[in-house]
Peer 1: 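Structure below; questions to follow.
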Amino acid sequence: MNVLMISLDTTCLAEEGTVRGDTLSRHIQIAKMLSHFHVVVFSVGKAPRAVLHPTEKLTIYATQSANKAMRVLDSFRVALKVCRRDRIDVLTTQDPFFTGVVGLAIGRLFRIPLNVQVHADCIGNRYWIRERLLNRFLNVIGMAVIKRADNVRVVSSSEREKMFRLGLPEDRIWNIPTGGGINVRRFLSADGAKVRKRYLEGGYQQMVLFAGRLTKQKRIEDLLYAAKRVVRELPGAVFVVAGEGSELPAA
């Protein structure tokens with residue numbers, strides 16, 4: 001089976017030496033189960049290589065967009081070339097919005113089954129919709145994409161139930177939690193005692209650890225609000241935030 005994925009990756013898998021964590025190794029593992037795995041990534045600016053072949057079964061294409069606004073159009077252009085050159089059996093997109101639109105257009109054009117991944121509680125979420133005007137537009141787009149997709153991958157039972165309430169047939173909703181294929185062995189050898197000793201210095205007794213991307217979606221402001229309330233009641237508690245992103249100054 002040949003699979004084409006339109007990816008939201010912005011670290012650009014096509015830039016050797018820039019990928020953090022085990023992202024690339026997970027793509028390689030997926031490719032081993034397929035005839036070929038084609039991945040289009042949302043990159044901005046000239047990448048050292050527009051096309052990268054980490055293995056004989058994995059090909060990564062950088063959009064090399066001039067700016068963020070051009071990434072959707074550029075990913076469509078790249079995906080179009082791939083589908084014209086190679087036989088693609090399945091399309092998958094990493095969200096129902098930006099990559100979803102590209103996947104829907106390519107899927108309809110070449111009559112390829114489309115899988116849309118939904119990794120967050122956004123569509124139909126009134127709190128998310130109210131965050132900014134753009135989200136109202138994205139919600140409409142997302143609803144249209146998931147209803148036209150051949151199947152939708154969600155990452156929780158609650159999101160699966162919501163998709164069912166939105167009108168998707170049960171057999172088109174796949175609940176596959178995140179974490180599959182992640183190599184956890186390197187974390188098993190971590191010395192928790194050293195970490196706790198380091199951050200509990202100064203008389204602290206309890207530690208709350210947040211590890212993740214510091215982005216708007218993570219609502220770091222809610223964590224900070226909760227932290228203030230907790231430390232008022234438990235002066236011996238300390239909050240540790242591990243991560244990078246646009247919300248780092250707020251943390």
Peer 1: Can you measure from CG (Leu91) to CE (Met5) and round to the nearest 0.5 angstrom?
Peer 2: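 Between Leu91 CG and Met5 CE, I get 11.5 Å after rounding to 0.5 Å.
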Peer 1: Once you round to the nearest 0.5 Å, how far does CG of Leu109 lie from CZ of Phe76?
Peer 2: 6.0 Å
Peer 1: Quick check against the 3.5 Å criterion: does Thr99 have a side-chain atom that pairs as donor or acceptor with the backbone of Leu8?
Peer 2: no
Peer 1: Taking transitive links into account, so neighbours of neighbours count too, which hydrophobic residues share a cluster with Val140 at under 4.5 Å side-chain distance?
Peer 2: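 Joined to Val140, directly or through intermediates: none.
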Peer 1: Do Ile129 and Val118 sit in the same hydrophobic cluster, where Ile, Leu, Val, Met, Phe, Trp and Tyr count as joined when their side-chain heavy atoms come under 4.5 Å apart?
Peer 2: yes
Peer 1: State whether the number of non-hydrogen atoms from other residues, nucleotides or ligands found under 6.0 Å of Arg77 atom CZ is greater than 12.
Peer 2: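 Count over threshold, so yes.
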Peer 1: Should Val155 and Ile146 be regarded as members of a common hydrophobic cluster, given that ILVMFWY residues are connected when their side-chain heavy atoms come within less than 4.5 Å of each other, either directly or indirectly?
Peer 2: no
Peer 1: What residues form a side chain to side chain contact (heavy atoms under 4.5 Å, CB included) with Asp191, not counting sequence neighbours?
Peer 2: Ala193, Lys194
Peer 1: Once you round to the nearest 0.5 Å, how far does OG of Ser156 lie from CD1 of Ile176?
Peer 2: 12.5 Å
Peer 1: What side-chain hydrogen bond (donor to acceptor under 3.5 Å, both in side chains) pairs are there with at least one residue in residues 198-208, not counting sequence neighbours?
Peer 2: none
Peer 1: Is it true that Leu166 and Ile141 fall in one hydrophobic cluster, defined by side-chain heavy atoms closer than 4.5 Å?
Peer 2: yes
Peer 1: So, the side chain of Asn151 versus the backbone of Ile173: is there a donor-acceptor pair under 3.5 Å, distance only?
Peer 2: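 Not at all, since once roles are kept as given, no pair shorter than 3.5 Å links the two residues.
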Peer 1: CZ/Arg160 to CZ/Arg153 distance, rounded to the nearest 0.5 angstrom?
Peer 2: 14.0 Å
Peer 1: Run the side chain to side chain contact (heavy atoms under 4.5 Å, CB included) test against Lys68 and tell me which residues pass, sequence neighbours left out.
Peer 2: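 Side chain to side chain contact (heavy atoms under 4.5 Å, CB included) list for Lys68, sorted by chain: Val44, Arg71.
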Peer 1: Would you check, one step at a time, whether the test side chain to side chain contact (heavy atoms under 4.5 Å, CB included) holds for Val241 with Leu223?
Peer 2: CA-CA 10 Å; Val241 178; Leu223 173 65; 4.1 Å; yes
Peer 1: In terms of side-chain geometry, is the basic nitrogen of Glu221 or Arg219 positioned less than 4.0 Å from the acidic oxygen of its partner?
Peer 2: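 Counted as a salt bridge, because a side-chain N and a carboxylate O are separated by less than 4.0 Å.
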Peer 1: Going by salt bridge (Lys or Arg N to Asp or Glu O under 4.0 Å), name the residues that satisfy it together with Asp121, two or more places apart in sequence or in a different chain.
Peer 2: Lys162
Peer 1: Within the 4.5 Å heavy-atom criterion, are Leu73 and Met70 side-chain neighbours or not?
Peer 2: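 Side chain of Leu73 against side chain of Met70, heavy atoms only: contact under 4.5 Å found.
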Peer 1: Would you give the length of the straight line joining atom NE2 of His53 to atom CD1 of Ile60, rounded to the nearest 0.5 angstrom?
Peer 2: 10.0 Å
Peer 1: Test side chain to side chain contact (heavy atoms under 4.5 Å, CB included) on Val152 and Arg172; report intermediate values, then the result.
Peer 2: CA-CA 6 Å; Val152 176; Arg172 285 174 51 198; 5.6 Å; no
Peer 1: Does the side chain of His119 come within less than 4.5 Å of Asp95's, by heavy atoms?
Peer 2: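 Not touching, per the 4.5 Å side-chain cut-off.
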Peer 1: Can you tell which of Leu80, Ile6, Thr93 makes a side chain to side chain contact (heavy atoms under 4.5 Å, CB included) with Ile106?
Peer 2: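 Going through Leu80, Ile6, Thr93 one by one, the side chain to side chain contact (heavy atoms under 4.5 Å, CB included) with Ile106 is satisfied by Leu80 alone.
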Peer 1: Taking C-beta and beyond as the side chain, do Val40 and Val102 meet within less than 4.5 Å on heavy atoms?
Peer 2: no
Peer 1: State the CG-SG distance between Asn135 and Cys122, to the nearest 0.5 angstrom.
Peer 2: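 The distance works out to 7.5 Å.
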Peer 1: Using modelled atom types only, decide if a donor and an acceptor are shared between the side chain of Thr63 and the backbone of Phe42 within a distance under 3.5 Å.
Peer 2: no
Peer 1: Enumerate the side-chain hydrogen bond (donor to acceptor under 3.5 Å, both in side chains) contacts for residues 82-91, please, sequence neighbours excluded, ordered by first and then second residue.
Peer 2: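 Applying side-chain hydrogen bond (donor to acceptor under 3.5 Å, both in side chains) to every pair that reaches into residues 82-91, excluding sequence neighbours, yields Tyr61-Arg85, Arg87-Asp89.
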Peer 1: Answer whether the closest heavy-atom distance between the side chains of Ser75 and Phe98 falls below 4.5 Å.
Peer 2: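 Side-chain contact under 4.5 Å: no.
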Peer 1: Within the structure provided, determine whether Asp150 and Val90 are in side-chain contact (heavy-atom separation under 4.5 Å).
Peer 2: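 No - every pair of side-chain heavy atoms lies 4.5 Å or more apart.
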Peer 1: Taking side chain as C-beta onward, heavy atoms only, is Thr55 less than 4.5 Å from Phe37?
Peer 2: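 The answer is no, as the side chains (C-beta and beyond) never meet within the 4.5 Å cut-off.
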